[in-house]
Q: 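Got a structure here, written out as structure tokens. Questions coming.
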Amino acid sequence: MLRLPKFELEEPATLDEALALFAEHGSDAMPIAGGTDLVPNMKHRLFEPKVVVSLARIEALTGIRVTSGGELEIGAMTTLADVARSSAVQERAPVLAQAASLIAGPQLRTMGTLGGNVMLDTRCQWYNQTHFWRTSLGYCLKKDGTECHVVQGGGKCVAAASNDTAPALMTLGATLVFQGPTPPGESKANLREIAIDALWKADGIVNKHTEPGEILTAIRIPAQAAGHRGAYGKLRDRGSIDFPLFGCAVRLDVGTDEAVTGADICAVALVARPSHVKRIEDELVGQRVGSDDFASAVGRVAELAYKQCRPMDNSPGDADYRREMVPVYVRRTLHAAAQGAGPVHHV
Amino acid sequence: MRVFRLNVNGDDLEVAAPAHWTLLEVLRYELGLIGSKQGCDKGDCGACTVLLDGSPVLSCLRLAATAEGHAVVTIEGLMPMHKARGGDGADVVQDAFDRCGALQCGFCQPGMMLSARALLNENPKPTRGEIHDALAGNLCRCTGYTQIVQAVELCVAEAAGVEPAQPAWSADANGKKV
């Protein structure tokens with residue numbers, strides 16, 4: 001039995017009330033969205049906030065809408081199940097719908113939110129354990145200890161970013177809207193919109209640049225190219241549930257002549273931040289999808305990914321096996337995107 | 001302590017419990033509804049599955065306070081709600097699990113049956129693949145999945161008045177009965 005540590009629960013009905021609570025309690029307070037990551041982490045004593053602020057009653061944070069400019073705007077508290085089955089998301093950002101559909105199992109997708117998945121804590125097999133387990137180990141660099149058990153003698157935490165939606169949103173060029181406390185004397189909402197690529201830093205302890213007291217309120221996805229195609233591939237222990245051992249999101253822009261005009265691949269669950277696979281457009285742009293030249297370009301891209309992606313011993317899966325799976329999943333996911341299919345995963 | 005106003009199995013209840021308790025803790029230790037099981041207690045196993053406004057959620061990860069204002073259904077509610085709808089005896093899902101022997105130790109059953117109930121409410125004619133997807137968040141460590149899937153297929157077939165599909169193990173790769 002795992003009991004939660006004691007905390008005070010606040011349930012504000014508006015964003016302003018929530019921001020006031022964070023301003024009042026500072027670092028003693030933590031926001032809870034779906035709770036599917038924070039609750040187990042609190043049960044493991046990885047977080048012991050004095051005040052937990054539930055965002056569940058703030059209606060303004062939920063919903064998916066398409067703006068007049070063709071942009072998708074998704075409230076941070078929209079559940080992953082709603083993102084996965086939304087026809088607007090499936091049409092305009094298939095890679096995001098696929099990534100959301102592969103997160104955990106049905107119950108967790110009903111509870112978990114898109115904002116919560118973007119802001120997910122990094123994971124490591126030496127960290128996501130009970131307090132008893134971690135005490136026996138002597139703790140680790142990320143929490144309560146001074147030693148890294150992944151990199152012997154390492155001084156930097158390498159816990160893995162494990163959020164499936166993050167690479168999907170990166171290939172789509174999404175932006176994140178944060179709202180912070182309104183400074184005294186001001187009446188305008190204190191909004192900050194950043195590209196999702198600018199959120200990350202390569203530090204497993206906290207892998208995001210955020211300002212104190214701010215809340216992620218919405219995710220904006222710009223209108224994609226006319227021939228936009230996307231797919232998500234996910235390697236995991238059990239196809240029914242589980243965090244990724246490796247995940248890759250693919251964007252392919254295809255012209256009317258079926259030739260690739262733009263491409264992006266983003267990988268996750270390797271190191272502390274999701275990252276783009278570099279120099280892939282040099283290989284793919286100009287190739288007609290479905291042709292032999294396209295297939296050989298996909299092979300070269302898979303090699304590039306193999307060279308650039310180095311999984312560490314931070315998740316339960318064997319790091320060497322995960323690395324060998326990188327080109328396999330990149331190749332299959334690229335072909336799935338080209339065919340307008342996906343997601344790519346095993347059962 | 002705080003007072004939670006919960007709607008459980010159709011009853012409006014007021015129950016006092018520590019403010020940080022999960023829905024599962026309130027159900028089991030304050031309301032005595034021990035049908036929802038405390039398995040891994042961290043969202044892996046699905047034994048604590050309850051329906052919240054008809055959708056399966058994990059009560060071990062849901063703070064009791066955030067269940068206020070929603071209709072909670074536990075395994076204890078399936079049969080009374082089936083009768084309230086004019087049904088006879090147990091819910092058809094429970095009846096099918098019983099007839100198919102879809103249990104060994106039984107620990108995963110309440111969660112399995114609620115996930116199956118939610119699936120059938122939303123999609124009365126699921127395919128075998130859709131059944132697998134809907135039950136993906138419920139682990140059976142006796143690994144008795146075959147009879148569980150068969151039980152859900154039995155519900156579907158009987159509702160449609162057709163012969164239930166044979167389980168995968170009853171034929172070889174060429175479709176010949178074994």
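Letters go in sequence order (proteins before strands), and every chain restarts at 1.
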Q: Under a 4.5 Å heavy-atom cutoff, which of A:V39, A:D242, A:L2, A:L4 has the most pairs with chain B?
A: A:L2
Q: Between B:A134 and chain A, which part of the residue has a heavy atom less than 4.5 Å away: side chain, backbone, both or neither?
A: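 Looking at B:A134, just its backbone touches chain A.
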Q: Does the salt bridge (Lys or Arg N to Asp or Glu O under 4.0 Å) test come out yes or no for B:E68 and A:R57, once each step is laid out?
A: CA-CA 10 Å; B:E68 287 186 331; A:R57 287 181 202 253; 3.5 Å; yes
Q: Please walk me through it: do B:S115 and A:Q107 pass side-chain contact (heavy atoms from CB on, under 4.5 Å)?
A: CA-CA 9 Å; B:S115 285; A:Q107 296 98 320; 3.6 Å; yes
Q: Quick check for you: among B:A65, B:G46, B:G39, which has the greatest number of heavy-atom pairs under 4.5 Å with chain A?
A: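 Answer, by heavy-atom pair count under 4.5 Å with chain A: B:A65.
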Q: Kindly indicate whether the side chain of A:R3, heavy atoms from C-beta on, has any atom under 4.5 Å from the side chain of B:T22.
A: no
Q: Looking only at heavy atoms, which two atoms of B:S55 and A:T110 are closest? And how far apart?
A: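 Nearest pair, atom of B:S55 first, then A:T110: CB-CG2, 3.7 Å.
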Q: Are B:H20 and A:V52 side-chain neighbours, meaning at least one heavy-atom pair lies under 4.5 Å?
A: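 Sidechains of A:V52 and B:H20: no contact.
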Q: Give a yes or no on whether A:E17 atom CD has more than 12 heavy-atom contacts from other residues, nucleotides or ligands under 6.0 Å away.
A: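 It does: A:E17 CD has more than 12 such atoms within range.
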Q: Could you state the interatomic distance from OG (A:S240) to CG (B:L135), rounded to the nearest 0.5 Å?
A: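 Answer for the OG-CG pair, A:S240 versus B:L135, is 10.5 Å.
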Q: Mind checking whether A:M111 and B:T66 have side chains closer than 4.5 Å, heavy atoms only?
A: no
Q: Could you check whether atom OH of A:Y321 has more than 12 heavy atoms from other residues, nucleotides or ligands sitting under 6.0 Å from it?
A: no
Q: Give, as side chain, backbone, both or neither, the part of B:R62 having an atom under 4.5 angstrom from any heavy atom of chain A.
A: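 Both backbone and side chain.
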Q: Where on A:I32 is there a heavy atom nearer than 4.5 Å to chain B: the side chain, the backbone, both, or neither?
A: side chain
Q: Between B:P18 and chain A, which part of the residue has a heavy atom less than 4.5 Å away: side chain, backbone, both or neither?
A: neither
Q: Chain A heavy atoms under 4.5 Å from B:C60: which part of the residue, side chain, backbone, both or neither?
A: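 Its backbone and side chain both get close to chain A.
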Q: Output, in order, the C-alpha distance, side-chain angles, deciding distance and verdict of side-chain contact (heavy atoms from CB on, under 4.5 Å) for A:T36 and B:L58.
A: CA-CA 9 Å; A:T36 54; B:L58 300 177; over 6 Å; no
Q: When rounded to the nearest 0.5 angstrom, what is the spacing between CZ in B:R2 and CD in A:E8?
A: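 Going from CZ on B:R2 over to CD on A:E8, the span is 12.0 Å.
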Q: Do other residues, nucleotides or ligands put more than 12 heavy atoms under 6.0 Å from the CD atom of A:E59?
A: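 Atom CD in A:E59 is not packed in, count stays at 12 or less.
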Q: Would you check if B:V57 and A:L108 make a side-chain contact, meaning some heavy-atom pair closer than 4.5 Å?
A: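 A side-chain contact under 4.5 Å is absent here.
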Q: Within the supplied structure, the quantity of interest is the number of heavy atoms (other residues, nucleotides, ligands) at a distance under 6.0 Å from A:L137 CG; does it exceed 12?
A: yes
Q: Taking atom CE of A:M42 and atom NZ of B:K42, what is their separation to the nearest 0.5 Å?
A: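 A:M42 atom CE to B:K42 atom NZ measures 15.0 Å (nearest 0.5 Å).
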Q: Side chains of B:W21 and A:L9: does their closest heavy-atom pair fall under 4.5 Å?
A: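 They are not in contact (no side-chain heavy atoms under 4.5 Å apart), so the answer is no.
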Q: CD of B:E122: more than 12 outside heavy atoms within 6.0 angstrom?
A: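 Open.
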Q: What part of B:L52 gets closer than 4.5 Å to chain A, counting heavy atoms only: side chain, backbone, both or neither?
A: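 No part of B:L52 comes within 4.5 Å of chain A.
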Q: Given 3.5 Å as the limit, does a donor-acceptor pair link the side chain of A:K43 with the main chain of B:D41, or not?
A: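 Confirmed, A:K43 side chain pairs with B:D41 backbone.
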Q: Report yes if some heavy atom in the side chain of B:L61 is under 4.5 Å from a heavy atom in the side chain of A:P40; otherwise report no.
A: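 Yes - at least one pair of side-chain heavy atoms lies under 4.5 Å apart.
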